[in-house]
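First comes the structure, then the notes that go with it.
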There are 2 protein chains.
Amino acid sequence: MLELAVLGLLHESPLHGYELRQRLKATLGSFRAFSYGSLYPTLRRMKESGWIAEDEGDAEVVAGAPALTGKRGKVVYKLTAEGKERFTELLAEAGPASWEDEQFGVHFAFFAKTAPEVRVRILEGRRARLEERREGVRTSLARTRERLDSYTLQLQEHGLESVDREVRWLSELIETERNSIRSNPSTNPL
Amino acid sequence: MLELAVLGLLHESPLHGYELRQRLKATLGSFRAFSYGSLYPTLRRMKESGWIAEDEGDAEVVAGAPALTGKRGKVVYKLTAEGKERFTELLAEAGPASWEDEQFGVHFAFFAKTAPEVRVRILEGRRARLEERREGVRTSLARTRERLDSYTLQLQEHGLESVDREVRWLSELIETERNSIRSNPSTNPL
DNA sequence: GGATTATGTATCGGGGCGATACATCGCGGT
DNA sequence: ACCGCGATGTATCGCCCCGATACATAATCC
């Protein structure tokens, strides 16, 4: 998962770990953070796999910038050709795993780079997954309602409402997506 | 965390792993599941720590029940005295960790067994935590809004709305809690 | 009678998190 | 002039949890 996110972010421009983490937060928001404890090992793994490489391109700073003579420390990573392939591959696969909580957010964050049919597939899969869960909780709740204390009950119902809200959100998105495909099959929204 | 949940559930009656997992689902609903891959190792650890023990009490089945002569396989666990202590302890501690996503749900599920002051403390802590997060996302969003594509933006805003909804939910609960404490300081709702 | 589903216990690899360590830089306060 | 603090920066460690998997028996359905 983190791998997908890193590939996606590096797709824009080379970045070092700290920046990557900032972007991760800015992109995924309240969904998830990804700690350094996940990030750095992942970067190492990805480098070993050849998806990313250290970028030694001495970027000429525009002007007036402080003379950062020598002084290394930052490790800037860039996508390799294989990394780009890998990214495209991961986006296109988008199996049932991407309906799940953890994966969905990340996939969604890179929808702008995802093929329209795949977008719809993911949204519908996610919705189906949530509907399943909702029904499961509902029937279980119906069976055990009287045995639960008021707090447990409130927890369940709040959860149910959240799931319901996301289902409605997804339905709107699917609708929009379908219209945009129909009217212009090959365009990505900004 | 699982430890707390197991202690809470065994507080009611002795249970074996499979049942425990069912109860876990029924109690926590859409919040989290806790897989067997977490449950069984946790049970082993807890047994080693002495919080729980195998229950060999041959429960006399009422009547007409199938003769389950001998035939073992199920491992039924019950709370030990230390386990009960541990549970009470964990409920009373309720530090900042219990404001976090994973812990909050579990703590809340056992609110009926938690002291009223602790309940309020947890609810307020959780709310403060969410408000922090909300502000963080909001300012970050304000700064980077124009650089984000429409999908990322929608993801952020949906997340923001969810956080907002939970804050409002918590506020209601806090209000109710305060009133109930004021009117009758020593009662737990059903 | 055969197949699927529920009940049941258990392990394994992998991934993510929080805490922690350590180091530098710029800024504001006194 | 100095100090501390918060941001920038890289990195590791132990813990917890999850999904997949294995295996075995009872019930239930067709």
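Proteins get letters first, then strands, A, B, ... in listed order; numbering begins at 1 in each. Since the structure is predicted, the reported quantities are computational estimates derived from the model, not experimental observations. Scope of the values below: all heavy atoms of this structure, side chains included, with no hydrogens, waters or symmetry mates.
- Rounded to whole Å, atom P of dC17(C) lies 11 Å from atom CG of L28(A).
- Taking the charged nitrogens against the carboxylate oxygens, K113(B) and E12(B) do have a contact shorter than 4.0 Å, which makes a salt bridge.
- The stretch residues 83-102 of chain A has no heavy atom under 4.0 Å from DNA chain D, so no residue of it qualifies as close.
- One can place CZ of R21(B) at 16 Å from P of dA10(C), the figure rounded to the nearest angstrom.
- Ring to ring, H11(A) and F87(A) are close: their centroids are under 6.0 angstrom apart.
- Under the rule for a ring-ring contact (aromatic ring centres under 6.0 Å, His included), F31(A) has no partner lying at least two apart in sequence or in another chain.
- Defined by atom type and a distance below 3.5 Å, a donor-acceptor pair is present between the side-chain atoms of R45(A) and T42(A).
- Here the P atom of nucleotide dT9(C) and the NZ atom of K74(B) are 8 Å apart, to the nearest Å.
- Here H158(B) pairs with W169(A) under the ring-ring contact (aromatic ring centres under 6.0 Å, His included) rule; sequence neighbours left out.
- Between atom CG of residue L39(B) and atom CE of residue M46(B) there is a gap of 9.5 Å, rounded to the nearest 0.5 Å.
- Across the protein-nucleic acid pair, K25(B) atom NZ and dC18(D) atom P stand 12 Å apart, rounded to whole Å.
- Residues passing the ring-ring contact (aromatic ring centres under 6.0 Å, His included) test with Y40(A), sequence neighbours excluded: Y36(A).
- Under 3.5 Å, the side chains of D149(A) and T152(A) contain a donor-acceptor pair of N or O atoms.
- For the pair Y77(B) and L2(A), both in contact range of DNA chain C, the more 5′-proximal nearest nucleotide belongs to Y77(B).
- Counting to the nearest Å, the P atom of dC15(D) and the CE atom of M46(B) are 17 Å from each other.
- Contacts with DNA chain C (heavy atom under 4.0 Å) in residues 3-20 of chain B: H16(B), G17(B), Y18(B), listed by number.
- Near-neighbour residues of DNA chain D inside residues 33-40 of chain B, defined by a heavy atom below 4.0 Å, number-ordered: F34(B), S35(B), G37(B), S38(B).
- In this structure, the CG atom of L43(A) is 10 Å from the C1' atom of dT10(D), given to the nearest Å.
- If you check the side chains of R147(A) and T144(A), you find no donor sitting under 3.5 Å from an acceptor.
- Atoms CZ (R45(B)) and P (dA10(C)) sit 15 Å apart, rounded to a whole Å.
- Ring planes of F108(A) and F104(A): tilted class, angle from 30 to 60°.
- The only option from R23(B), E19(B), Q22(B) that meets the side-chain contact (heavy atoms from CB on, under 4.5 Å) definition with L9(B) turns out to be R23(B).
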